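Input: a single structure, listed below in structure tokens.
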Amino acid sequence: MPYRDDPIVTLATFETEFEASLARGALEAIGIRALVPGEQAGTYVRRARGIRGVELKVFERDHARAAVELRRLQIRIVEPDE
């Protein structure tokens, strides 16, 4: 497995699970593995637990390429709170 020891990192944060899932699908369509942790939990569960934003994660080795692709596709992400 080429990704076995590669860390998983956050690529972007989205306002909704739907947006994160669309971005995940776009990356997977071009061969970049991506995941949205807790994707099946739904927005209601996230809000009940006080979780803001939905993270899109990729393997560290794919981070740079995935970031370029999100920008190329003009997929808007949530900027982290300062």
Side-chain angles (χ1 to χ4, degrees):
M1 296 181 73
Y3 293 95
R4 185 175 188 171
D5 296 324
D6 199 12
I8 295 174
V9 297
T10 300
L11 173 65
T13 303
F14 295 87
E15 290 182 5
T16 68
E17 186 177 311
F18 179 72
E19 292 169 317
S21 294
L22 286 176
R24 177 186 52 76
L27 292 176
E28 289 182 345
I30 59 170
I32 298 174
R33 291 181 179 184
L35 63 105
V36 178
E39 192 169 23
Q40 303 305 318
T43 304
Y44 177 77
V45 171
R46 289 180 196 284
R47 287 186 183 154
R49 293 183 181 168
I51 299 171
R52 293 194 60 200
V54 181
E55 294 181 333
L56 174 66
K57 296 188 175 273
V58 296
F59 286 102
E60 189 172 58
R61 69 172 28 173
D62 294 330
H63 186 274
R65 181 173 159 230
V68 167
E69 288 301 322
L70 287 186
R71 283 192 293 274
R72 185 182 70 77
L73 295 168
Q74 298 180 358
I75 295 177
R76 184 183 64 83
I77 62 171
V78 174
E79 296 298 325
D81 292 334
E82 298 286 331

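If you're wondering where the values come from, they're calculated on a predicted model, not measured in any experiment.
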[X] side, atom [atom1]; [Y] side, atom [atom2] - distance, nearest 0.5 Å:
{"X": "L27", "Y": "L73", "atom1": "CG", "atom2": "CG", "answer": "7.5 Å"}
{"X": "T10", "Y": "E55", "atom1": "OG1", "atom2": "CD", "answer": "3.5 Å"}
{"X": "I32", "Y": "H63", "atom1": "CD1", "atom2": "NE2", "answer": "11.0 Å"}
{"X": "L56", "Y": "I75", "atom1": "CG", "atom2": "CD1", "answer": "8.5 Å"}

Minimum side-chain heavy-atom gap V54-T16 below 4.5 Å: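 SC-SC contact between V54 and T16 ruled out.
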
Distance-minimising heavy-atom pair for S21 and V36: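 Heavy atoms of S21 and V36 come nearest at N-CG2, 4.3 Å.
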
Considering all heavy atoms, the nearest R33-D62 contact: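 Heavy-atom minimum between the residues: N-OD2, 4.3 Å.
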
The criterion is side-chain contact (heavy atoms from CB on, under 4.5 Å); which residues satisfy it with L35, sequence neighbours excluded?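 Here the qualifying residues are I8, P37, K57.
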
Mind listing the side-chain donor-acceptor pairs of residues 64-71 below 3.5 Å, one per line with the distance, residues two or more places apart or on another chain?
unit_1	atom_1	unit_2	atom_2	d
R65	NH2	I30	O	2.9
E69	OE1	R72	NE	2.8
E69	OE1	R72	NH2	2.9

Those residues that, when tested against E28, pass side chain to side chain donor-acceptor pair (under 3.5 Å) (two or more places apart):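 Once residues adjacent in sequence are excluded, the partners of E28 under the side chain to side chain donor-acceptor pair (under 3.5 Å) criterion are R24.
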
Main-chain N/O of R61 paired with D6 side-chain donor or acceptor, under 3.5 Å: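 Present.
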
